[in-house]
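Here is the structure we will look at.
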Protein chains: 2
Amino acid sequence: MFKKILIAEDFQDTNKGIVEALENRLQIEFIQEELYCDKAYNRFKLAYENGEPYELLITDLTFKESHVTRRLTSGKELINIVKNIDQNIKVIVNSMIDNTVEINSLFTEQKINGYVCKGRNSLNELINAIQEVYHNRTFVSPQLNLNSASSVFEMDKYDLMILKDLSEGYTKKEISEKLKRQNISPNSESTIDKKVSKLFDEFGAKNTHHLIAKLIKQGKI
Amino acid sequence: MFKKILIAEDFQDTNKGIVEALENRLQIEFIQEELYCDKAYNRFKLAYENGEPYELLITDLTFKESHVTRRLTSGKELINIVKNIDQNIKVIVNSMIDNTVEINSLFTEQKINGYVCKGRNSLNELINAIQEVYHNRTFVSPQLNLNSASSVFEMDKYDLMILKDLSEGYTKKEISEKLKRQNISPNSESTIDKKVSKLFDEFGAKNTHHLIAKLIKQGKI
DNA sequence: TTTTGCTTTACGGATATCTGTAAGGGATTG
DNA sequence: CAATCCCTTACAGATATCCGTAAAGCAAAA
């Protein structure tokens, strides 16, 4: 089993819950917990340079702002910089985000090894994930059904981009121009209109305000 | 100190973290943890009817949906129904919501005794809150500054209602009609226009889409 | 009472949205 | 080749938004 694990999680109660479980239910020799991405990175780097690297990083994705000025503000940034230094470290993400597009990109782009979605069984799942990852397998919380887009409607990257832009205050005309500049097709205002209208039906929204609100609340944007 | 405490929190890791801290740092004889509002309510009711009521309820506000059909879906509902049966029970809310309007209304309407905002020190704050509430005082996470509307722009209840309706897909015309039916004044479409435009400036939003997205992400809606 | 200041309201014009219809462009199939 | 399907695009009309101006209402101050 892993001997050195690093945990980055900003909620103190959650953090303690994880540490407690790892100490009691797995025989981990050394567990280091941190509440800030920056501090976690410093721990990682120091250990790496001393030739005693962490074998596993367990991190959240979102971290609250604080009075302390921070270089790293999200778990994704932390993973990127850590993986850039140590390609061998294993990474498990423990977050409440359940947007499958987002999670898929963590596996393909950040090359994470496991994803646990916070919930009523997530501590058990995390233990499970650690064991799987230790044996060089990947783990994803079973309720997510990553590859089978079976259950509900899902947005592709294109839809996601449009909705993100809309939620940032861009008009459809501006988005159309932006897509043309970036040579992304389709890019007509009309098509954007259609795409968004389709999403109204799929998500049961009355208009764009409603759709944006729903998607943000669902953590999809 | 309290002898019987009931905890309602749906994230397993957070739940365990809280229980662990209460067991180790306070001498609580009996702690019951539940992952569902409904189950917490059942525990509460049974104990009350047996003449051995819980003295303190610690609850989250938001609970994830699940396959299990639920009557109670939020901490607010749980508090209402519990307080309705037992006026003596003390309530501490432990949530990540930091919207001061919302929190204030929990104190005035749900008559809660303490509010702890999840974060890097929230476990210590929770211990503190329990001790304060035990001595019949109230507790609010210090970083919140509830009464001093000092720092950033805050919305009053009126603004909040309008933004909530907009985010649910109502047009300003519909909202105007709704306000008139409820005899709430002001209620002209024009005034609603002005109010929203003013919020654009205060929150640095380009349009309504942008404003709604920002406010939801800040947890204000 | 008049003045002043603030909020609410009405209204109009420019812009954006939402929602049809219709036309054009591939790709696939028979 | 034609037929079909699906996606993209153009366009147009109805509705909604954004934003300015101006008038009306109201309360406190002069």
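Chain naming here is simple, since letters A, B, ... match the order of the sequence lines and numbering starts at 1 in each. Fair warning: this is a prediction, and the values are worked out from it, not measured in the lab.
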Over how many whole Å does the gap from [X] atom [atom1] to [N] atom [atom2] extend?
{"X": "B:Phe200", "N": "D:dG20", "atom1": "CZ", "atom2": "C1'", "value": "15 Å"}
{"X": "B:Glu174", "N": "D:dA16", "atom1": "CD", "atom2": "P", "value": "7 Å"}
{"X": "B:Ile184", "N": "C:dT9", "atom1": "CD1", "atom2": "P", "value": "13 Å"}
{"X": "A:Tyr158", "N": "D:dT8", "atom1": "OH", "atom2": "C1'", "value": "9 Å"}
{"X": "A:Lys206", "N": "D:dT17", "atom1": "NZ", "atom2": "C1'", "value": "18 Å"}
{"X": "A:Asn187", "N": "D:dA10", "atom1": "CG", "atom2": "P", "value": "8 Å"}

Nearest-neighbour nucleotide for the [X] side chain, [options] considered:
{"X": "B:Lys194", "options": "D:dC19, D:dT9, D:dG20", "answer": "D:dG20"}
{"X": "A:His209", "options": "C:dA10, D:dT17, D:dT9", "answer": "D:dT17"}
{"X": "A:Thr171", "options": "C:dT21, C:dT9, C:dA16", "answer": "C:dA16"}

According to a strict under-4.0 Å criterion, is A:Lys173 in side-chain N/O contact with OP1 or OP2 of C:dA16? yes
Charged N to carboxylate O under 4.0 angstrom, [X] versus [Y]?
{"X": "B:Lys76", "Y": "B:Glu102", "result": "yes"}
{"X": "A:Glu9", "Y": "A:Lys118", "result": "yes"}
{"X": "A:Arg70", "Y": "A:Glu65", "result": "no"}

Of B:Asn207 and B:Thr191, whose nearest nucleotide on DNA chain C comes first from the 5' end? B:Thr191
Within the structure shown, what part of the strands sits under 4.0 Å from [X] by heavy-atom distance: base, sugar-phosphate, or nothing?
{"X": "A:Lys195", "value": "sugar-phosphate"}
{"X": "B:Asp193", "value": "base"}
{"X": "B:Ser190", "value": "base"}
{"X": "A:Lys172", "value": "sugar-phosphate"}

A:Tyr170 six-ring face occupied by A:Lys178 cation (under 6.0 Å, within 45°): yes
Between A:Tyr36 and B:Arg120, is there a cation-pi geometry (under 6.0 Å to ring centre, at most 45° from the normal)? yes
